[in-house]
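Chain A is the first sequence line, chain B the second, and so forth, proteins listed ahead of strands; every chain is numbered from 1.
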Amino acid sequence: NAGVTQTPKFQVLKTGQSMTLQCAQDMNHNSMYWYRQDPGMGLRLIYYSASEGTTDKGEVPNGYNVSRLNKREFSLRLESAAPSQTSVYFCASSEGWTGTGLTGELFFGEGSRLTVL
Amino acid sequence: KNQVEQSPQSLIILEGKNCTLQCNYTVSPFSNLRWYKQDTGRGPVSLTIMTFSENTKSNGRYTATLDADTKQSSLHITASQLSDSASYICVVSAGGSYIPTFGRGTSLIVHP
């Protein structure tokens, strides 16, 4: 079972370069999320998509953009990378809203390790 | 503002020993609380889910408790193994919200 797949796993950028992190899930989940994880800070939400066709800002959206390409795919773009964006990025998905309410369980990818020089 | 606080920040124990991790939350309205395990270099994986009416739930050597009155949860690990070395993250979901609130995690190291 693939679950949530992120690409690339590792990336080194120079300040000012742009790149896109790709995420795809095969669980037919409605909601998808992008988090960043830094030492001592825990996981912080960048953007999320509650359902196909919608996206919303999270706690730390500055410097990022997202696209919910279809129900399976949710990409994160850095338009002009900065050293402060050096981090491990995690994509996650969840069922979202069901007939009995929000399920809450998040399924995570393996992470994308980004270094900005 | 919804918050989740975990303690201790880090913990070192010997293999075979028990330990307990704590989680205090101020999330309203409460929907559920999950404990996730994150191995080094991997994404977090859910261990247990606790809803309002549940006090205790076990998953093998992991036992989670919930006191909804005091808004506290604990994760007890019995007879620890080297493979238990990981970060344990408490995550609380509010009713009607798509955005769960994360604690910063407890880093557990199990020494042989």
Side-chain angles (χ1 to χ4, degrees), chain A residues 1-6 9-10 23 25 27 29-52 54-61 68 74 88-98 100-113, chain B residues 1-10 21 23-25 27-54 57 59 64 66 73 86-108:
Chain A
N1 294 334
V4 178
T5 302
Q6 294 181 230
K9 287 184 168 49
F10 300 93
C23 175
Q25 52 91 8
M27 296 171 282
H29 284 170
N30 293 309
S31 301
M32 298 185 73
Y33 306 77
W34 276 106
Y35 289 89
R36 62 178 288 173
Q37 187 173 39
D38 303 293
M41 297 298 295
L43 284 151
R44 293 182 292 170
L45 182 64
I46 305 172
Y47 270 93
Y48 71 101
S49 171
S51 60
E52 185 180 359
T54 69
T55 60
D56 285 287
K57 295 178 180 179
E59 180 184 358
V60 289
R68 183 75 183 265
F74 188 39
V88 181
Y89 291 86
F90 286 97
C91 177
S93 70
S94 74
E95 285 186 273
W97 190 263
T98 69
T100 57
L102 291 167
T103 64
E105 180 174 4
L106 294 170
F107 294 82
F108 287 85
E110 292 298 289
S112 298
R113 286 145 187 83
Chain B
K1 180 181 178 182
N2 292 333
Q3 287 186 315
V4 175
E5 300 288 340
Q6 292 187 244
S7 62
Q9 186 174 351
S10 62
L21 314 180
C23 173
N24 296 336
Y25 63 90
V27 175
S28 182
F30 176 83
S31 175
N32 62 72
L33 182 150
R34 293 180 186 272
W35 284 93
Y36 287 79
K37 180 186 180 188
Q38 184 177 21
D39 292 320
T40 301
R42 309 293 297 272
V45 176
S46 179
L47 288 173
T48 66
I49 176 174
M50 306 290 290
T51 58
F52 188 85
S53 59
E54 295 174 308
K57 184 174 284 186
N59 177 4
L66 176 67
S73 176
S87 179
Y88 292 84
I89 305 170
C90 178
V91 182
V92 184
S93 294
S97 173
Y98 286 93
I99 306 175
T101 302
F102 282 72
R104 294 190 176 187
T106 292
S107 175
L108 174 65

Considering only heavy atoms, which portion of B/Gln38 lies under 4.5 Å from any heavy atom of chain A: side chain, backbone, both, or neither? side chain

Answer with side chain, backbone, both or neither: which region of A/Glu59 has an atom nearer than 4.5 Å to a non-hydrogen atom of chain B? neither

Side chain, backbone, both or neither: which part of A/Tyr33 has a non-hydrogen atom closer than 4.5 Å to chain B? side chain

Donor-acceptor contact below 3.5 Å, side chain B/Tyr98 vs main chain A/Ser51: no

Interatomic distance, A/Tyr35 atom OH to B/Phe102 atom CZ [nearest 0.5 angstrom]: 4.0 Å

Highest number of heavy-atom pairs under 4.5 Å with chain B: which of A/Ala50, A/Gly58, A/Ala92, A/Gly42? A/Ala50

From CZ (A/Arg44) to CZ (B/Arg104), nearest 0.5 Å: 8.5 Å

For the interface with chain A, which of B/Pro100, B/Gly41, B/Pro44 has the highest count of heavy-atom pairs at distances below 4.5 Å? B/Pro44

Nearest heavy-atom approach of B/Arg42 to A/Arg113 is N-NH2, 4.1 Å

Part of A/Leu43 within contact of chain B (heavy atom distance under 4.5 Å): both

